[in-house]
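The sequence lines fix the lettering, A, B, ..., with proteins before strands; numbering per chain opens at 1. Keep in mind the model is a prediction, meaning the values are calculated, not measured.
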Protein chains: 2
Amino acid sequence: MEELVNEGFPEAIDAETRVQGSGDHRAELRLWLRMLTCTNLIENEIRSLLRTRFDVTLPRFDLMAQLEKAPDGLTLGDLSRRMMVSAGNVTGLVERLVQDGIVERRPAPGDRRSSLVSLTARGRASFETMAAAHADWVADLFGGLDAGDIDTLMALLAKAKSSAREVADGPPQLSQNATLPKKDTADG
Amino acid sequence: MEELVNEGFPEAIDAETRVQGSGDHRAELRLWLRMLTCTNLIENEIRSLLRTRFDVTLPRFDLMAQLEKAPDGLTLGDLSRRMMVSAGNVTGLVERLVQDGIVERRPAPGDRRSSLVSLTARGRASFETMAAAHADWVADLFGGLDAGDIDTLMALLAKAKSSAREVADGPPQLSQNATLPKKDTADG
DNA sequence: CCGAATTATTTTAAGTTTAAAATATCTCCA
DNA sequence: TGGAGATATTTTAAACTTAAAATAATTCGG
């Protein structure tokens, strides 16, 4: 599986190709930059639409979206994990949404450290409206892709996701191949 | 091209399928969520590595990366557009990087409103080191994809990007199909 | 049952980010 | 050439975000 490095590139391949820090990582880097551009483009457009149409911020909408999928409520920790943001971030977000009457907190049964957050009736109604528009916007933004494109993208992003998850969840401390115990890398 | 809506779904298709606001946008929505998850996962990992290995924040690294590609310097506006963040954001970021001796500002020749920002020698050296490690990390994170996967992803993301760009750059004011002048949408 | 380790959340400080208003300069055409 | 409109940047206020330390509560092995 690791024999076909550099496939498609005419440059000479030395024995050191597999040594971390000197490989050719151009393709992956370009992929990452394109992914970022694509995501930022869409995210900025959605942020702008949410603000101008509904006067709501993107993080608030995201939090509401998580709660809408969990009728029984979520703890702050659940929200932090699902939104992939820090715990402290969620604390402040929930605080402000409670003030605005969008969400409510109640003690979590069986664990006095936690509380459960859920949408208020008003929050749910508000989200319902926004979610419908949001779905339209997203469909518009991806309007140039056909069903096959979407399927392929879904599959490849799933693959990228598990690849990244493996590395990220793996042992810290290695910019290495992560399977080799050696660590004679160029560090700079 | 628009005949095969709802393909693969057993639900009844009425005449109103093409009316904005009632279409089936599940696939696009799922794609968007997966894209976000994937990006956030990788971005968070890179953020964490940049901090622990080099004690630098992601936005600073991003700004330095833009400058490294432009030896002659960039205006704040250039940086704002390329990084896809607000102008005010760049002002503060540059301010702090100047303080740290990473970048420098000089008046832009021929336009007294602008200034050119570029990396200092120290900033360039610092970036060089970080960029090499960064490239390794990205390659690791995408390690589960083969060359074909990457090519396909690149192509489909390019397609998504221009699709989104068309909508985002298009006329504001329409959550509509953007080609129809009518606007009798469900607004909530 | 006790205390060490873990987990859930909050707090703090600093940095990032946005939108909108304010400045300053430039362009261009009538 | 005068000024209206466009462009570049800064400022402001508020929100968002993170990392790290601090609290509080739970779990669990001995």
Side-chain touch B:I46/A:W32, heavy atoms, less than 4.5 angstrom: yes
Spacing of B:E43 atom CD relative to D:dT18 atom C1', expressed in whole Å: 13 Å
For A:L74 versus A:Q66, what's the shortest heavy-atom pair and its separation? CD1-O, 3.8 Å
Specify the separation, in whole Å, of atom CD of A:Q99 and atom P of D:dA14. 14 Å
Pair B:F61-B:F54, ring pair (Phe, Tyr, Trp, His ring centres under 6.0 Å): steps then yes or no: CA-CA 10 Å; B:F61 177 83; B:F54 299 114; 8.4 Å; no
Donor-acceptor pairs under 3.5 angstrom involving side-chain atoms of residues 103-112 of chain A: please list them, not counting sequence neighbours.
residue	atom	partner	partner atom	Å
A:R105	NE	A:S115	OG	3.2
A:R105	NH2	A:S115	OG	2.6
A:R106	NH2	A:D72	O	2.9
A:D111	OD1	A:R113	N	3.0
A:D111	OD1	A:R113	NE	3.1
A:D111	OD2	A:R113	NH2	2.9

Can you name the residues that form a side-chain hydrogen bond (donor to acceptor under 3.5 Å, both in side chains) with A:D78, not counting sequence neighbours? A:T75, A:R81
Whichever of B:N89 and B:R47 has its nearest DNA chain D nucleotide further upstream toward 5': B:N89
Treating A:N44 as the side-chain partner and A:N40 as the backbone partner, does any N or O pair qualify as donor plus acceptor under 3.5 Å? yes
Could you list the residues that satisfy salt bridge (charged side-chain N to carboxylate O under 4.0 Å, His left out) with B:D62, not counting sequence neighbours? none
CG of A:L50 versus P of D:dC16: gap in Å, rounded? 12 Å
How many Å lie between CG on A:L76 and P on D:dA24, as a whole number? 17 Å
Between CZ of A:F61 and C1' of D:dA15 the distance, given in whole Å, is 18 Å
Heavy-atom closest pair (A:G144 atom, B:S163 atom, distance to 0.1 Å) is N-OG, 2.9 Å
Look at all strands and tell whether A:G88 reaches a base, only sugar-phosphate, or nothing, counting heavy atoms closer than 4.0 Å. base
The salt bridge (charged side-chain N to carboxylate O under 4.0 Å, His left out) partners of A:R47 (sequence neighbours excluded) come to A:E43
Of all nucleotides in DNA chain C that come within under 4.0 Å of a heavy atom of chain A, which is furthest toward the 5' end and which toward the 3' end? C:dT7 to C:dA19
Length of the line joining A:L93:CG and D:dT18:P, which is rounded to integer Å: 10 Å
Which residues in residues 101-118 of chain A have a heavy atom closer than 4.0 Å to any atom of DNA chain C? A:R105, A:R113, A:S114, A:S115
